[in-house]
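In listed order, ligands and their atoms are each counted from 1. Note that the structure is predicted; figures quoted are calculated from it, not measured.
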Amino acid sequence: MERAKKPSMVSTGLDRANRPSILSPSITGPQPTVRIEGGKVTAILPTGDSVEVLLYGATVISWRNNGKENIFVSEAAKLDGSKPVRGGIPVVFPAFGPPPKDHATGALPQHGFARNSTWEYLGKSSSESGALSKGGDDSVKLDFGLSSSNISADHKKAWPYDFGLVYSVTLGKDGLQTMLNVRNEGKEAFEFQMLLHSYWTVDDITKVAINGLGSTTYIDKVLDGGEHTESQTGLKITGEVDRVYKSIKQDTTSISSIDGKPRLDVTRDNISDTVIWNPWIAKTKAMADLRPEDSYKHFVCVEVGSVDGWQKLEPGPSNKGKGKAAAGPPSPQKEGKRKHSGSPEGVEGQKPKRKKSQEFGGSNTAGPSSARPVTPVKPTESATTAAAARGNAPFTTTPAPAGPTLSIGPLAPAVPQSNRSRVRRPFGYSNTFRVLVDTPPNPLVFTLHEDRFCQRSRYFHGQRAWTNLEPKGQSNRVTGLDKPRTKGTVEPMFGRYVAASISEVLEFNETIRGIYNLNFRSYFDLYILADYQGDLRMANSVIDSLITASELSGDLPDWKADIDYLYSGTLPGSKTPRAV
Ligand SMILES: O=P(O)(O)OC[C@H]1O[C@H](O)[C@H](O)[C@@H](O)[C@@H]1O
């Protein structure tokens, strides 16, 4: 067969009749982008600010703002899921420290199980409101979920409660916001503690002051385990420090230099405890995963949470929450009133039976925290509500109870009033389906929101039936995705596939190309995948992007080899080989 040598060959002979209007190149300015690869989710704003979150522990391991890394991670930290990350922002739940033996958490390891369980990535949302210059808020929110069904058997045995956590990490132009939403999915109340064990980078610990703790009562775990009152207005760290500051009156604990130069503000909302930790010289030496040995100089842990006593969370959707972390949430929408932008029915017209544990973000919310710069923003309207009004909400939403908020961010001007209404709240994942990309022994789990994916991709629409399998405990394993033939590419390819579906499919520009690290071969992989799934929309979109890429690129690849690859990789009977 005569094979064309020009990129334009791939645009001929393909069925363009069904090309959906969604693919029209309506560029609103650079958007935040998200990449899911190797058990890690990376989000990058058009400004270059970025955040990286491991699925293991939903641990934030990097947050770069204006080129500066704010998160400390030890050089010897294990990032392979073999132990909790030494550094980053490990999520502590349901117990802080060594759990008391006489408590329901007594059989759990130090700091509970959230930091050493693999979470599910629930998806991203962004305002899609365009570039900063166009008035957009340029932030992206990543949601992660953990429930009793995806913790280890040992942990489940040690703490047999039915719970649901949604952890939201929002990267904004002014800072990072982290929020933990705790839900009781079972029949009996449980007690928990939670904490975001944040390791913040500092240039030199001996020149740092921690402000905002003056006159606060704290438990000194290094000294005597007893209660003391903070006498310094700016706490200086001159040796090992391990203190639990309780019921702090001020919203903000800030890190500055001793001569007052601001570094970071860590702001709480409706959550009142903070742990300050630095292991200093001897303890650092004794911790094999904390290296180099002088690393203690370069971080301080300012850990916001609820660790003084226990939060009791009653079960059931009518529960308004007990204890301080859950005080006063507005009534959530009732199930029947939730907004669905797509039909909740399965392909056979039956309402899919949903497991309660999949309905994160509902009524029993306690212990959220969020990180954001300087001035805590009290949201009055959710961003997704605003987005919904514009007709482009990425997910359906439920109102979020007012929960504790931790704000963390570099010192920056207060958020202008006009932007305040865009601060997001947790989403209600009212109807999700899970896809297990089968790469044993650790298949990657994608939890996708029906409304988003089923409308955008025939492939996902066809798989909606999967939702109905869930109650029977069957796995929704993706098979046949090994067709892109380079070994080991299945997992990243499916991640790309999902990412491309989210981002309205590869509206190609140089930024996106860089971020997805797309080369021609990976476009072809994506095309072959789409072709295998019968996903014409995606296939067309890939071709669009490919054409743009080839137009933009002055440096074409070894075209013949790539065409051979595409030709032999595509299904028999597909239009592509005929086009080629
Ligand atoms: O070594 P880890 O289990 O990660 O704990 C590290 C530290 O976490 C907290 O800050 C506790 O207050 C400390 O007592 C503990 O040493």
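Heavy atoms of Lys83 found under 4.0 angstrom from ligand 1: none, in either backbone or side chain.
Residue-ligand proximity: Arg115 is placed with a non-hydrogen atom under 4.0 Å from ligand 1.
Scored by the side chain to side chain donor-acceptor pair (under 3.5 Å) test, Ser257 finds Asp259 as partners (sequence neighbours excluded).
Between the side chains of His155 and Ser152, at least one donor N or O lies within less than 3.5 Å of an accepting N or O. Side-chain atoms of Asp273 and Ser306 form no donor-acceptor pair, as typed in the model, at a separation below 3.5 Å.
Within ligand 1, the atoms closer than 4.0 Å to a non-hydrogen atom of Arg86 are 1 (O), 2 (P), 4 (O), 6 (C), numbered from 1 in the order shown. Annotation for ligand 1: atoms under 4.0 Å from non-hydrogen atoms of Val275 are 10 (O), 12 (O). Close contacts between ligand 1 and His197 involve ligand atoms 6 (C), 7 (C), 8 (O), 9 (C), 10 (O) [criterion: under 4.0 Å to a heavy atom].
Closest approach of Phe72 to Ser74, counting heavy atoms only: CE2-N, 3.5 Å.
Results of the salt bridge (Lys or Arg N to Asp or Glu O under 4.0 Å) test with Glu227 over Lys221, Lys246, Arg243 single out Lys246 as the only residue that passes.
Nearest protein heavy-atom contact of atom 10 (O) of ligand 1 is Glu303 OE2, 2.9 Å. At the shortest separation from atom 12 (O) of ligand 1 among protein heavy atoms lies Asp242 OD1, 2.6 Å. The nearest heavy-atom contact from the protein to atom 16 (O) of ligand 1 is Trp277 NE1, 3.5 Å.
Expressed to the nearest 0.5 Å, how far CD of Glu52 lies from OG1 of Thr59 amounts to 12.0 Å.
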